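The residues of the chain are indexed from 1 along the displayed sequence. None of the values given here were measured: they were computed from a predicted structure.
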Amino acid sequence: MASRASDRYRSWLVGELVLVCVLSLGTIAFAWTGRLDGYAFANARIALDTAVAIVASFVAILTATRFLVGGRGMDLLLAGGFLATGVGTFAFAVAPVLSGGRLNTTESWAAIGSCLFGGALIAFAPFVNRKTPKRERALIAMIALVVGALLGIWFDVRFVGIDLGSSGIEGNTRTTSVVLAYGLLAILALVAAVGFGLRHRKHDRDLDSWLALALTLVVFADLHYVLAPLRSSVYVLPSDVLRLLAYGVLLVGVWRAINQAEFGRAVAEERARVARDIHDGLAQYLFALSAQVTMLKSGASLDEMLPRLEHAATAAQQEARFAILALSSASGSAPFDAALARYVDFLVADGELDVDLEVDPAVKLAPDEEIEVFRIVQEGLANVRKHAGAQHALVSIEQRNGRRVVTVSDDGSGIDTDDPGAGQGLKNMRARAATIEGVLSLRSSPGKGTEIEVVLRAA
């Protein structure tokens, strides 16, 4: 496993070095040909800034969601940094020119200041490993800090009138203050890129590699600004396109991390379910085996205890096989209907229960729906086998009136419908149905069997 992680890191590092070489050559070529000064396109700059603001804000929302789930300080700083960048870009670089005017000195410096503040938070993020226990309170405090910082930046440049050589923002004059500001942005992005690269080497996390890749693009975008720091609502610079590309990469990386976190949650839930099944089934039979062996040691008749031992051992073996099959059947290595048929075939192998499986091939299920439907059917058949005393069960997945319907029915003893939420198995099925926007209904009466129906939304 360590060797595989090391190979992945080396492959990523080679790709990163190739990207740096390509971007370096591109920067030299642009500088040599004078193309870094940009192109005049009507409304193109405002469109690019708007896109950056939207994507940065969306990345902030995603990283804030990760923070609320995991409580990592890194995610909190990322959320604050991208929020400052997104809101600052819109407030100071987009909103002032929506009416058709040009970007003035005050708003230009405010936009740079918000990017510096956001860049500082992002640069610190990869070096923070602590978790925060009070997540909601910490997130609210971070949002308040960002809002306060943006207001402070705007107040400084508008009312205090700090002289930063701002005459070079709209013109072609490259003042020292402008070059230093963009140079500092490049340094902050470089620190963040190196930090996330080191985190990727240490933890082998996919998100760290995407963040390092995106921030590498940001480094060169800021270097372009250093070489041609023109900040105008008319001109579009190559660095603007590079920055937009970087935020697109960020969006993909954070979205992948959210999906992986969701998958991890599903794995944790499945582990808990299997542990509960083992406790309710296998552990009970093993306890029975232990008790009967103790009785034999105490002098019980071997002829009397041997059939009981054989029955308990057979039942324990079967429960273990059920647990193994349940974990492997919904692993995604086989088509959904084949995995379900395999599970049913194993379930009826001992002849104690007959199950008919009817799956309409026209019914389409998303990957997450396949997992939850499989678990619902599995839970339903487990309840039929253990508690219903049924001889026959039917599982059907069909299209009905434009909706997808999953049904598990049996001819067993039935349950009390006055308490439809009773029983842990039924509660589990209701929860699983809710995660895929399904509605579970129960029809049962004593002695006449049970029918559990899950209606999914239209595909």
Side-chain angles (χ1 to χ4, degrees), residues 262 266 269-270 273 277 322 325-417 420-459:
E262 184 65 18
E269 290 181 354
E270 187 58 27
R273 188 197 66 79
D277 287 348
F322 279 145
L325 182 67
L327 287 173
S328 62
S329 294
S331 63
S333 59
F336 169 74
D337 52 351
L340 195 56
R342 180 184 171 207
Y343 179 77
V344 169
D345 288 342
F346 186 85
L347 191 69
V348 302
D350 59 1
E352 291 189 9
L353 179 66
D354 180 36
V355 179
D356 289 334
L357 176 63
E358 300 175 358
V359 179
D360 185 351
V363 175
K364 304 299 182 185
L365 297 173
D368 59 329
E369 292 176 329
E370 289 182 351
I371 293 174
E372 299 302 338
V373 168
F374 183 93
R375 297 308 184 199
I376 288 170
V377 171
Q378 177 187 339
E379 192 90 52
L381 290 177
N383 289 340
V384 171
R385 184 181 177 89
K386 293 179 181 178
H387 308 300
Q391 296 182 345
H392 180 266
L394 171 66
V395 176
S396 70
I397 301 175
E398 60 183 340
Q399 198 88 13
R400 192 188 304 166
N401 299 325
R403 292 182 176 271
R404 298 162 297 165
V405 181
V406 180
T407 306
V408 180
S409 59
D410 66 79
D411 60 358
S413 58
I415 62 176
D416 184 6
T417 56
Q424 186 62 45
L426 189 57
K427 292 178 181 178
N428 292 339
M429 286 188 283
R430 287 188 185 279
R432 292 190 179 278
T435 61
I436 52 177
E437 300 181 26
V439 178
L440 185 145
S441 60
L442 171 70
R443 288 185 289 273
S444 180
S445 59
K448 295 183 179 181
T450 301
E451 180 181 272
I452 294 174
E453 184 178 271
V454 178
V455 179
L456 305 177
R457 57 180 173 78

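When side chains are defined from C-beta on, V454 does not count as touching I436, because their heavy atoms never get closer than 4.5 Å. For the pair T407 and L394, the minimum side-chain heavy-atom distance is 4.5 Å or more.
Atoms CG and CZ, from L442 and R430 in turn, are 6.5 Å apart once rounded to the nearest 0.5 Å. Summarising the geometry, atom CD1 belonging to I376 is positioned 7.0 Å from atom OG1 belonging to T435; distances are rounded to the nearest 0.5 Å. Summarising the geometry, atom CD1 belonging to I452 is positioned 3.5 Å from atom CE belonging to M429; distances are rounded to the nearest 0.5 Å.
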**Asked** Does the pair D410 and L353 meet the rule for a side chain to side chain contact (heavy atoms under 4.5 Å, CB included), with working shown?
**Response** CA-CA 10 Å; D410 66 79; L353 179 66; over 6 Å; no

> How far apart are the C-alpha atoms of V384 and T450, what are their side-chain angles, what is the distance that settles it, and do they pass the side chain to side chain contact (heavy atoms under 4.5 Å, CB included) test?
Replying inline: CA-CA 9 Å; V384 171; T450 301; over 6 Å; no

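Scanning for side-chain hydrogen bond (donor to acceptor under 3.5 Å, both in side chains) contacts around D360 gives an empty result, with sequence neighbours left out. Scored by the side-chain contact (heavy atoms from CB on, under 4.5 Å) test, V408 finds V377, L381, V395 as partners (sequence neighbours excluded). Every side-chain hydrogen bond (donor to acceptor under 3.5 Å, both in side chains) that E453 has, sequence neighbours left out, goes to R400, R443. Under the rule for a salt bridge (Lys or Arg N to Asp or Glu O under 4.0 Å), the partners of E437 that lie at least two apart in sequence or sit in another chain are R457. With sequence neighbours left out, the side-chain contact (heavy atoms from CB on, under 4.5 Å) criterion links A431 to no other residue.
Only one option out of E379, E372, Q378 pairs with R375 in a side chain to side chain donor-acceptor pair (under 3.5 Å); it is Q378.
The minimum heavy-atom distance between A390 and D411, with the atom names listed, is CB-OD1, 3.3 Å. Closest heavy-atom contact between G449 and S444: O-OG, 3.1 Å.
A donor-acceptor pair is defined here as one N or O able to donate and one able to accept, closer than 3.5 Å; such a pair exists between the side chain of R404 and the backbone of K364.
The number of heavy atoms from other shown groups lying within 6.0 Å of CD (E398) is above 12.
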